[in-house]
Q: 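My questions all concern the structure below.
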Amino acid sequence: MPILKLYEQSQQESEQAINDFLKGLEISSEKTFKELFKLILKDLSSNKGKLVIDDDLINQVRQYVIDARDKSTYEANVLKFVDSAKDVGRTDIGINKELGNKVSQKVADRLLNNNGIFTDGLTAGGYEVNVVNRVQTLLYEAMYNNLSVVELQGNLEKYFMGQSTNDTGDLVKWAKQTAQDALYQYTGELNSGISTELNLNALFYTPSILIEGSRPICKHFIDDFTGAIPYDEVLKSLKKAEKDPTGFGAGMIEGTNTIAEFLKNRGGYNCIHKAYPTLV
């Protein structure tokens, strides 16, 4: 298969994996919301229709969010997403082989199983820092601003499910960016590992995937180079980006100043480009 077709296949598989994850998330979010509100409701007190401040419940709601999530299909959906990401990784290993990178099965298996980034971002730490904290804040604000039970319910429902079919809610918006970054950094780490393993010295930056809002450094690599980009040219660009973090380096992840880190992070958070290592 021509290399450009393989690039497109990898991109399509990446987008499909994220879209499937988000569809599953919309289902689990509704279940999480209903279970969570049931747990909160049994402990809520009100006076003349307004919530009574209960700091113990504000603290307890952290565990309620975890309990509600665990009763939904959320974690199963994350595991399915990880499997889909591994399929993307296998496609990217195929791209590496098309580029002449002789990746052994032992190396491929080791890199494919390096998927802790999904756990960090979408389940354990990431979910608790983002989702749990947000729910706790919504409950705190409702109590201290004299909201009603109905108003609290509406705010929680808005967070988990949005206000309409065209509004997915802040939970899904958070998960979309987190899932996208996790997937692209996962395959980026795979390419970085192959580069290190094989002592490669150049990279191909995925062409024709330039979108509105693409980072300056991404535009530079796509517009100003054809074919493989030697690592010394990449390093020059990274130094330029480091000196100009709000201009040429705008949007990049801090510390992206080595080849290994660039192969992993590329243009920064929410970047959908890929960098494949090669030997020239």
Side-chain angles (χ1 to χ4, degrees), residues 12 14-44 46 49-51 57-58 60-82 84-85 117-185 211-213 251 269-272:
Q12 289 167 0
S14 299
E15 292 172 0
Q16 188 64 52
I18 294 166
N19 288 336
D20 289 346
F21 171 70
L22 294 177
K23 288 178 183 176
L25 181 63
E26 290 178 13
I27 296 171
S28 68
S29 293
E30 183 174 0
K31 291 180 179 178
T32 301
F33 161 71
K34 290 179 178 179
E35 178 64 23
L36 172 63
F37 193 67
K38 182 176 71 174
L39 291 171
I40 293 174
L41 195 60
K42 68 181 179 62
D43 292 332
L44 279 176
S46 62
K50 302 298 182 181
L51 293 173
L57 177 55
I58 292 172
Q60 180 62 29
V61 80
R62 301 182 69 84
Q63 187 58 48
Y64 286 170
V65 179
I66 300 301
D67 292 344
R69 179 199 66 187
D70 291 347
K71 287 188 177 181
S72 75
T73 55
Y74 180 82
E75 290 192 336
N77 192 37
V78 171
L79 291 175
K80 184 179 178 181
F81 177 54
V82 173
S84 297
I117 190 170
F118 298 104
T119 302
D120 295 340
L122 292 169
T123 55
Y127 194 94
E128 292 181 22
V129 168
N130 290 276
V131 182
V132 174
N133 284 359
R134 183 58 185 148
V135 170
Q136 189 176 37
T137 298
L138 288 172
L139 180 59
Y140 176 92
E141 290 174 344
M143 288 182 173
Y144 279 85
N145 288 311
N146 296 316
L147 300 187
S148 66
V149 174
V150 172
E151 287 172 315
L152 170 63
Q153 180 181 8
N155 288 341
L156 289 171
E157 188 171 4
K158 178 182 177 183
Y159 174 72
F160 279 95
M161 295 180 294
Q163 292 180 305
S164 66
T165 55
N166 295 322
D167 177 17
T168 55
D170 288 343
L171 171 62
V172 174
K173 292 171 186 174
W174 161 77
K176 180 179 181 180
Q177 179 168 342
T178 304
Q180 183 165 295
D181 285 339
L183 174 58
Y184 282 90
Q185 288 184 22
I211 60 174
E212 184 178 353
Y269 293 116
N270 220 23
C271 178
I272 62 170

Q: Do Tyr184 and Ser14 come close enough that some side-chain heavy atom pair is under 4.5 Å?
A: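 Side-chain contact under 4.5 Å: yes.
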Q: Under a 4.5 Å cut-off applied to non-hydrogen side-chain atoms, are Asp170 and Lys158 in contact?
A: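 In short, these two side chains do not touch, never coming nearer than 4.5 Å.
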Q: Return yes if a side-chain donor-acceptor contact under 3.5 Å exists between Gln63 and Asp67, otherwise no.
A: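 Distance-only check passes for Gln63 and Asp67.
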Q: Side chains of Asn155 and Glu151 only: does a donor on one sit below 3.5 Å from an acceptor on the other?
A: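 Short answer, no.
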Q: Is it the case that Lys42 and Tyr64 place a side-chain donor and acceptor less than 3.5 Å from each other?
A: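 Note: Lys42 and Tyr64 side chains meet the donor-acceptor criterion.
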Q: Can any side-chain N or O of Asp181 pair as donor or acceptor with the backbone N or O of Tyr269 at less than 3.5 Å?
A: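 No, the answer is negative, given that no donor and acceptor are paired below the 3.5 Å cut-off.
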Q: Counting C-beta onward and ignoring hydrogens, is there a side-chain heavy-atom pair between Leu183 and Phe21 closer than 4.5 Å?
A: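 The answer is no, as the side chains (C-beta and beyond) never meet within the 4.5 Å cut-off.
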Q: Using 4.0 Å as the upper bound for N to carboxylate O, is an ion pair formed by Glu35 and Lys38?
A: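 Salt bridge: yes.
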Q: Quick one, Leu152 and Leu44 - any side-chain contact, counting heavy atoms below 4.5 Å?
A: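 They are in side-chain contact.
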Q: Verify, without hydrogens or angle tests, whether Glu141 (side chain) and Leu138 (backbone) share a donor-acceptor contact under 3.5 angstrom.
A: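 No: the side chain of Glu141 does not pair with the backbone of Leu138.
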Q: Look up atom CG in Asp20 and atom CG in Leu25, then write down how far apart they are to the nearest 0.5 Å.
A: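 Reported value, rounded in 0.5 Å steps: 12.5 Å.
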Q: The criterion is salt bridge (Lys or Arg N to Asp or Glu O under 4.0 Å); which residues satisfy it with Glu30, sequence neighbours excluded?
A: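 Expected list: Lys34.
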Q: When rounded to the nearest 0.5 angstrom, what distance separates CD in Glu157 from CZ in Phe37?
A: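 Here the interatomic distance stands at 9.5 Å.
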Q: Considering non-hydrogen atoms only, spot the tightest contact between Phe81 and Ala17 and give its length.
A: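 In terms of heavy atoms, the two residues are closest at CD1-O, 3.5 Å.
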Q: How many angstroms lie between CD1 in Ile66 and CG in Leu36, if you round to the nearest 0.5 Å?
A: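 If I round to the nearest 0.5 Å, the distance is 10.5 Å.
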Q: Would you say the side chain of Lys71 lies within less than 4.5 Å of the side chain of Lys31, judging by non-hydrogen atoms?
A: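 The answer is no; the side chains never approach within 4.5 Å.
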Q: Out of curiosity, Thr32 OG1 to Leu171 CG, how far, rounded to the nearest 0.5 Å?
A: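 Here the interatomic distance stands at 7.5 Å.
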Q: Count the heavy atoms of every other residue, nucleotide or ligand shown that sit under 6.0 Å from NZ of Lys50, and state whether that count exceeds 12.
A: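 Counting neighbours around NZ of Lys50, more than 12 heavy atoms of other residues, nucleotides or ligands fall under 6.0 Å, so yes.
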Q: Side chains of residues 125-137: which donor-acceptor pairs under 3.5 Å do they make with residues two or more places apart or in other chains?
A:
from	atom 1	to	atom 2	distance (Å)
Asn130	ND2	Gly126	O	2.9
Asn133	OD1	Arg62	NH1	2.9
Asn133	OD1	Arg62	NH2	3.1
Asn133	ND2	Val129	O	3.0
Gln136	OE1	Arg62	NH1	2.6
Gln136	NE2	Ile58	O	3.0
Thr137	OG1	Asn133	O	2.9

Q: Which pairs count as ring-ring contact (aromatic ring centres under 6.0 Å, His included) when at least one residue sits in residues 140-163, sequence neighbours excluded?
A: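 ring-ring contact (aromatic ring centres under 6.0 Å, His included) check on residues 140-163 returns Tyr140-Tyr144.
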Q: For Ser72 and Ser28, work out which heavy atoms get closest and say how close.
A: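 What the structure gives for the nearest pair is CB-O, 3.8 Å.
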Q: Would you say Leu79 has more than 12 foreign heavy atoms packed within less than 6.0 Å of its CG?
A: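 Counting other residues, nucleotides and ligands, CG of Leu79 exceeds 12 neighbours.
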Q: Verify side chain to side chain contact (heavy atoms under 4.5 Å, CB included) between Asn145 and Leu51, making sure each step is shown before the conclusion.
A: CA-CA 9 Å; Asn145 288 311; Leu51 293 173; over 6 Å; no
Q: Do you know which two heavy atoms are closest between Ser29 and Val172, and how far apart they sit?
A: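 Looking at all heavy atoms of both residues, the closest pair is OG-CG2, 4.4 Å.
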Q: Less than 4.5 Å apart, side chain to side chain, heavy atoms only: is that true for Asn77 and Ile27?
A: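 Side-chain contact under 4.5 Å: no.
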Q: Can you tell me if Gln180 and Asn270 form a side-chain donor-acceptor pair at under 3.5 Å?
A: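 Asn270 and Gln180 do have a side-chain donor-acceptor pair below 3.5 Å.
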